[in-house]
Structure formats: C-alpha cells, structure tokens
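Report on one structure; see the data block that follows.
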Amino acid sequence: MKNQSYFEKVYFVTKKIPFGRVSTYGAIADYLALGSARMVGWALNHCHSAETGIPAHRVINRKGELSGRNHFPTPTIMQELLENESILVDNHVVKNFKDLFWHPGEHLEPYDEIA
DNA sequence: GACCTGACGCCCC
DNA sequence: AGGGGCGCCAGGT
C-alpha cells in the first residue's frame with residue numbers, strides 16, 4: 001500500500017494511537033517524514049470523524065491543546081471523547097499531556113515496513 | 001496550471 | 001521568556 005493519498009497515510013497512523021493516549025500533528029508528520037504538521041491537521045479535516053474509525057480526537061497540537069475541536073460537529077465532542085478515555089481536559093488542554101503523549105516513531109515500525 | 005488555503009511548529013527577534 | 005513571522009506541501013478552485 002504505497003500509493004495511498006496523504007490523507008490515508010495520516011489516517012493509518014492515527015488509527016494506531018492507543019486508547020487513552022494522545023499524539024500530536026507534529027509527531028505524526030515526523031513519523032511519516034512528510035514535512036509539515038500543518039498537513040496532518042489538514043488531512044484530518046478531510047475525514048469526517050469517528051465514523052471511519054479514525055480517533056481524530058486523540059490528535060492535538062504540541063501544547064496539548066485541542067486545537068481542532070471546532071471542526072467537530074460540536075466543539076465539545078472532542079473533549080467528551082477524550083474524557084471517555086479517562087483523559088482529563090482542562091480549559092481545552094489535555095492534562096498530563098506529557099505522560100499521555102504517544103509518539104508513533106517510538107512505538108511503530110517505520111511506515112514503509114508496515115504500509 | 002497558478003494561486004490560495006490550512007485541525008501546526010520552528011526559528012528569530 | 002514571550003510574541004511574531006515564515007516554512008511546510010497536498011488538494012481544491
């Protein structure tokens with residue numbers, strides 16, 4: 001599966017984020033070695049949320065902030081989903097972000113080997 | 001085919 | 001240490 005669109009690559013990695021953990025746009029971009037974090041967020045925007053099984057709510061910016069919450073059906077969905085995974089959110093920022101942070105590159109094989 | 005946009009992040013004042 | 005600027009690059013128009 002090497003000819004996936006950029007979206008699918010991002011989705012692929014996003015789906016690997018374990019329940020109860022979070023990752024960042026930058027980490028995913030870094031793992032995929034496809035340049036910019038911006039595109040990751042942009043790619044996720046193209047996906048219509050959890051219907052496709054993509055835990056987009058687990059992807060946040062490098063400050064631990066729920067920067068994408070406004071793109072969900074309602075701005076509270078993202079936080080609700082996180083709290084549903086025992087992730088505490090305070091003022092749109094994930095608590096214990098440092099501990100919950102999950103970097104794809106440190107837990108997955110290189111993308112080329114598993115794609 | 002050129003131009004614009006975007007759920008970000010680093011580098012430089 | 002905080003704030004602003006600029007780079008990233010695929011897709012849509």
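Quick caveat: nothing in here was measured; it's all calculated off a predicted structure. Every chain is numbered from 1 and lettered A, B, ... according to where its sequence line falls, protein lines coming before strand lines.
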To the nearest Å, give me how far apart NZ (A:K63) and C1' (B:dG9) are. 9 Å
For A:L100, does its backbone N or O pair with a side-chain atom of A:R21 as donor and acceptor, under 3.5 Å? yes
Rounded to the nearest angstrom, tell me the gap between atom CG in A:N70 and atom C1' in B:dG6. 14 Å
Parallel, tilted or perpendicular: rings of A:H103 and A:F101 (30°, 60°): perpendicular
Looking only at heavy atoms, which two atoms of A:K95 and A:D90 are closest? And how far apart? CE-CB, 3.2 Å
Partners of A:E65 by side chain to side chain contact (heavy atoms under 4.5 Å, CB included), sequence neighbours excluded? A:N61, A:K63, A:V93
Summary of protein contacts for nucleotides 6-13 of chain C, nucleotide by nucleotide, where a base hit scores B, a sugar-phosphate-only hit scores S (4.0 Å, heavy atoms): -BBBBSS-
How would you list, by chain and number, every residue that makes a salt bridge (Lys or Arg N to Asp or Glu O under 4.0 Å) with A:E80, sequence neighbours excluded? none
A:S67 versus A:I60: any side-chain heavy-atom pair under 4.5 Å? no
Selection from B:dA7, B:dC10, B:dC8 that lies nearest to any side-chain heavy atom of A:N61: B:dC8
Whole angstroms only, please: what is the CZ-P distance between A:R62 and B:dC8? 13 Å
Figure out the OH/C1' separation between A:Y11 and B:dA7, and round it to whole Å. 12 Å
